[in-house]
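Because the structure is a prediction, the values reported are computed rather than measured. For the numbers below, each heavy atom of this structure counts, side chains included, while hydrogens, waters and symmetry mates do not.
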Amino acid sequence: MSKRTLAKILAMALTAGVLTSCTSSSITPNPAKGSLITIVEDAPICNVISATVTLTGLNFTPVGGGADASYLTTTASYAPSIRLNLEQLRDFNTFLYIFNVNAGSYNQANFNLELAQVATYEPTLTPPVKLLTTTLTQPRPTVALNPPLVITPGQANVLLLDFDVLHMLQVDAAGQVTGIVTPVISATPLTATNGNGFAEFDDLSGFVRSVTLTNTTVNPLYTGSFLLQLLSPSVSGAPAMAVNFTANTKLVGFTDLAHLVPDSYMEVDATLDSQGNLAGNTVEFQALERPYAISSTQPPSTALIGPIVSTATDQVGNPTQFDLWVRDAEPMDPANISLDSIFQVNLSSGTTFQISALGPNFANLGFGPRNLAVGQEVVVHGAYTKPPASTGSKSFLPVTVDPSAIFLKLQSLQGSFGSIVQVGSDNLTGAFVLNPCCTLLQGAPIYVLTNNQTTFVNTNGLGGLTSQEGLLVKGMPFFEPQAGTINGVPIPAGALVVEAKQVRRLQM
């Protein structure tokens with residue numbers, strides 16, 4: 001399994017840690033422990049734009065029986081409650097929580113889940129989103145660990161977990177999501193690959209909580225770090241991970257650690273090393289947020305993350321605004337932001353448009369107002385304003401956003417293979433047509449461009465793709481309003497063109 005493949009899986013990494021007690025024969029020694037770092041990902045499903053669950057409990061059953069070892073539970077004195085939008089993790093992963101675990105072997109993981117919301121894209125509605133009445137059939141699922149998870153103090157251990165949304169959400173005979181959810185989770189212990197650690201995270205997003213200008217690990221290659229806050233909309237106990245720098249860490253948007261300050265929004269490509277430390281490969285600063293209002297003339301600002309679900313233009317076709325389905329906000333302001341809802345983004349001449357450094361742009365495509373399209377995942381930075389409490393005769397008034405910057409985000413698009421357009425002698429460079437399976441992507445063929453840096457998973461390059469098989473394409477989607485030729489490939493007007501970082505064949 002490649003490092004890129006490991007980056008797609010839900011993992012748990014254990015770093016060294018031992019607790020000991022007094023040696024008096026009248027006192028039972030405390031068991032040795034390790035520090036448990038949990039990581040989460042999911043497999044996707046078409047036409048669902050939100051599938052939100054909250055994890056309120058997690059414990060493990062020891063091999064041979066005995067009392068479960070509880071670590072994350074609502075009955076504890078301090079109870080984390082971690083909110084996950086599984087569609088936001090579509091072929092991506094992030095950290096879930098960090099806590100101590102008793103040394104030993106465990107053959108079962110036991111979850112406590114609460115179902116928050118499932119939403120589908122419905123273009124006939126205004127706004128074009130349908131919230132489903134949901135039922136969670138198994139709020140306390142159990143998952144077998146085979147081989148068992150063995151926790152050894154003094155070393156890192158990894159457990160891969162995968163929330164399989166594709167098989168979790170029930171669909172009816174017409175293929176429509178019903179709102180009935182049955183958890184489907186898998187778990188497999190891993191070992192670190194030679195020199196590459198346990199996994200790579202190609203798009204961690206969050207904000208800076210603190211900066212450390214010196215190395216606090218035993219790895220002599222690290223020069224400093226910052227604490228990255230993740231999943232900040234969680235009710236309590238949101239995870240935070242130190243992103244360590246080396247001499248080879250690529251910095252985008254800032255010059256060094258000393259210039260980072262709290263509330264800076266960051267996107268990070270990083271590797272979880274064999275010691276359980278996170279090493280930054282590419283670290284991008286996008287904006288300094290202001291999560292709380294300073295005055296009536298200086299409203300709060302934050303990073304709003306999600307897909308575009310509708311757009312509006314003026315009489316000559318210039319984009320004026322778009323509706324954003326907000327899955328995440330970093331930092332979060334619970335008093336003013338309601339997640340899994342529509343925000344109206346108003347464009348102006350002062351709005352800048354940029355491309356995330358974590359995604360490929362080997363065709364040197366541009367991104368501006370006319371390159372916006374329904375289905376693109378973006379990060380909107382800017383001030384936001386809640387609507388008045390009384391909406392009068394209007395049934396829907398969104399939060400409005402005055403964006404200072406909009407970033408096109410690395411994302412995954414799902415569909416089926418259509419046809420080869422071009423293939424090079426290396427079987428990696430070329431282009432093919434992806435037929436999207438979700439109505440959010442308008443049903444029009446998508447042109448996927450690849451090069452010798454594109455990773456192919458579960459398939460042997462472009463020549464290994466076959467008709468109608470399911471694919472996930474991770475990359476940067478550019479809307480091209482005018483017809484043209486890109487990398488020798490004719491592109492019709494109004495097409496979505498994806499520069500692919502990875503092409504994954506779905507194994508149903």
Side-chain angles (χ1 to χ4, degrees), residues 2-4 6-7 11-17 35-39 92-98 155-156 158 192-232 238-289 303 305 330-331 354-361 379 381 405 407 409-410 453 501:
S2 69
K3 179 173 69 175
R4 288 286 183 187
L6 294 179
M12 293 184 176
L14 304 176
T15 55
S35 180
L36 178 65
I37 306 170
T38 55
I39 306 165
F92 290 93
N93 53 6
T94 191
F95 292 96
L96 178 66
Y97 193 65
I98 305 168
Q155 70 179 43
V158 174
T193 57
N194 294 333
N196 292 326
F198 289 104
E200 183 176 328
F201 302 80
D202 51 8
D203 192 9
L204 291 174
S205 59
F207 64 93
V208 175
R209 282 178 48 182
S210 61
V211 176
T212 302
L213 299 179
T214 58
N215 182 14
T216 59
T217 76
V218 297
N219 189 329
L221 297 179
Y222 295 148
T223 58
S225 64
F226 68 87
L227 189 63
L228 180 66
Q229 179 67 69
L230 305 160
L231 302 178
S232 70
M241 283 294 296
V243 179
N244 294 282
F245 283 34
T246 71
N248 296 322
T249 301
K250 180 181 177 181
L251 310 184
V252 180
F254 68 112
T255 55
D256 53 49
L257 268 172
H259 286 84
L260 285 182
V261 296
D263 291 334
S264 297
Y265 175 83
M266 313 295 292
E267 291 196 349
V268 177
D269 180 304
T271 301
L272 187 67
D273 71 17
S274 60
Q275 297 170 321
N277 300 307
L278 197 60
N281 301 319
T282 299
V283 180
E284 179 180 29
F285 164 83
Q286 289 190 5
L288 177 61
E289 308 298 351
I305 307 167
E330 301 287 346
Q354 299 186 58
I355 303 166
S356 172
L358 303 190
N361 191 13
V379 183
H381 301 280
F407 279 75
K409 186 175 176 62
L410 180 66
Q453 298 300 308
K501 180 177 183 178

Given 3.5 Å as the limit, does a donor-acceptor pair link the side chain of T271 with the main chain of A279, or not?
no

F407 CZ to I305 CD1 distance, which is reported to the nearest 0.5 Å:
12.0 Å

Just how far is it from atom CG of N248 to atom CG of L221, taken to the nearest 0.5 Å?
8.5 Å

Calculate, to the nearest 0.5 Å, the distance between atoms CZ and CG belonging to F92 and L410 respectively.
4.0 Å

Exercise: identify the closest heavy-atom pair between K409 and D203
NZ-OD2, 2.9 Å

Any E289 side-chain heavy atom under 4.5 Å of F207 side chain
no

Within this structure, what is the CG-CZ distance for the pair L288 and F254, rounded to the nearest 0.5 Å?
13.5 Å

Take E267 and V379 through the side-chain contact (heavy atoms from CB on, under 4.5 Å) test and state the conclusion after the steps.
CA-CA 10 Å; E267 291 196 349; V379 183; 3.5 Å; yes

Could you report the tightest heavy-atom contact between V218 and Q275, atom names first, then the distance?
CG2-NE2, 3.5 Å

Taking atom OG1 of T255 and atom CZ of F285, what is their separation to the nearest 0.5 Å?
11.0 Å

Quick one: which of L358, T249, L260 gives a side chain to side chain contact (heavy atoms under 4.5 Å, CB included) with V283?
T249

Identify the two heavy atoms, one from Y265 and one from S205, that lie closest to each other, and give their separation to 0.1 Å.
OH-CB, 3.2 Å

Minimum side-chain heavy-atom gap N219-N244 below 4.5 Å
no

Between V261 and V208, is the side-chain contact (heavy atoms from CB on, under 4.5 Å) condition met? List the steps.
CA-CA 7 Å; V261 296; V208 175; over 6 Å; no

side-chain contact (heavy atoms from CB on, under 4.5 Å) between F201 and L272, intermediate numbers included
CA-CA 8 Å; F201 302 80; L272 187 67; 3.8 Å; yes

Closer than 4.0 angstrom, basic N to acidic O: yes or no for D269 and K501?
yes

Closest contact, heavy atoms only, A357 versus E284:
N-OE1, 3.2 Å

Got a second to check how far L204's CG is from L230's CG, nearest 0.5 Å?
6.0 Å

For the student: nearest non-hydrogen atoms of A242 and L278, plus distance:
O-CB, 3.4 Å

Tell me which one of N277, D273, T217 satisfies side chain to side chain donor-acceptor pair (under 3.5 Å) with Y222.
D273

What is the minimum heavy-atom distance between L96 and P239, and which atoms define it?
O-CG, 3.4 Å

